[in-house]
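As the structure lists them, so they are numbered: ligands from 1, and atoms in each ligand from 1.
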Amino acid sequence: MTSTALEVRLASRPHGWPTEDNFEIAEVEVPTPGDGQILVRNVVMSVDPYMRGRMNDVKSYVPPFQVGAPLDGGAVGEVVASNAEGFAVGDHVLHGLGWREYAVVEGKHAVKVDPSVAPLGAYLGVLGMPGMTAYAGLLVTAEFKEGDVVFVSGAAGAVGQLVGQIARLKGASRVIGSAGSADKVKYLVEELGFDAAFNYKEGPVAEQLAAAAPNGIDVYFDNVGGEHLEAAIDVLNLNGRITMCGAISQYNDAEKPAGPSNMIQILAKRLTLRGMLVGDHKALQQQFVAEVGAWIASGQLKYSETVVEGGVRQAPSAFLGMLRGDNTGKMLVQF
Ligand SMILES: NC(=O)c1ccc[n+]([C@@H]2O[C@H](COP(=O)([O-])OP(=O)(O)OC[C@H]3O[C@@H](n4cnc5c(N)ncnc54)[C@H](OP(=O)(O)O)[C@@H]3O)[C@@H](O)[C@H]2O)c1
């Protein structure tokens, strides 16, 4: 086995949009696992929008990345040495130390995954954190009911592609999505069965959403914030619900973004706007995997992944590409 390996560090904190210069690739000694630990050779890793927030030096629900230290995040790899009970060489594990070729992981922080049940990348996407976000954010946070009209932004991304399909499979009367290209809009309608979709770059969201939702909407699953949120508040029906899952249109803002100008409608229409964090929904894990796994197996639910080859050296550009919208479905980096 090789004695050195690569990791990606935060070289500097971005102000506004990050660039490749904010990352540094470093060569380090392959670490040795201690008692209760395993050494994992990463095979595939995730780049996620929340990582942009961790590049800022602000207190949040996850601590910020440190300048000069390696980044971390979801990854799946193969166990190459084990001092932890229950893990053997050759096992595959899901863990939180991506952005590096080799990781020493505490056994208690690794979850065994089975490549014969699903491709390894699926544990970072459709059957992993983004999948659970879609499932819990729609069914629990938004209190989805059969017959609801559902609108989801970021609809062709990892979370959004599942929100729309879960809504359809659970009996939504109409599913509407927005995304940033004509190809993505086509994918939503022709491949995933959305009733309507629009390209938010082609005109005001309020106008396009009103045209796609002649009878209003009951649920807005917000991945984007800003103009999308304001437009959704405008068309939400009485007692409508908003899941505030993300606000990616604002993650690279250097200045404080303006809030929606129509918040008073929340009162007038008795809307509910509720934030959600996927980590609060661990109790749903078994139900989520059983239900979504069955839909995938029966072909009722489809998903895309955009896989960037080349390992950690390509991770920064994959991350930047995801922020720009280069991905359809989950953005992954293959080692
Ligand atoms: N609350 C939670 O626990 C939780 C967990 C996971 C994810 N999230 C949030 O869920 C959202 C989606 O995450 P994901 O992992 O599924 O990412 P993703 O949708 O797979 O990738 C990000 C997408 O955001 C879109 N985007 C970028 N800038 C935009 C803008 N200015 N306006 C509209 N869309 C823009 C791009 O697609 P286009 O081509 O369509 O622009 C891009 O593909 C993010 O806001 C993320 O922070 C929250």
S178 meets the side-chain contact (heavy atoms from CB on, under 4.5 Å) criterion, sequence neighbours left out, with F151, S153, F198, H228

Residues in side-chain contact (heavy atoms from CB on, under 4.5 Å) contact with A172, at least two apart in sequence or another chain:
F144, V150, A167, V175

Under 4.0 Å from ligand 1, residues with heavy atoms, in chain and number order, are P49, M129, T133, G157, A158, V159, A179, G180, K184, Y200, N223, V224, C245, G246, A247, I248, S249, Y251, M276, L277, V278, M322, L323, G325, N327, G329

Does N262 have any side-chain hydrogen bond (donor to acceptor under 3.5 Å, both in side chains) partners at least two apart in sequence or in another chain, and if so, which?
D234

Does a side-chain N-to-carboxylate-O contact under 4.0 Å join R9 and E7?
yes

Check ion pair D195-R174 (N to O, under 4.0 angstrom):
no

Under a 3.5 Å threshold, yes or no: a donor from one side chain and an acceptor from the other, between K330 and S46?
yes

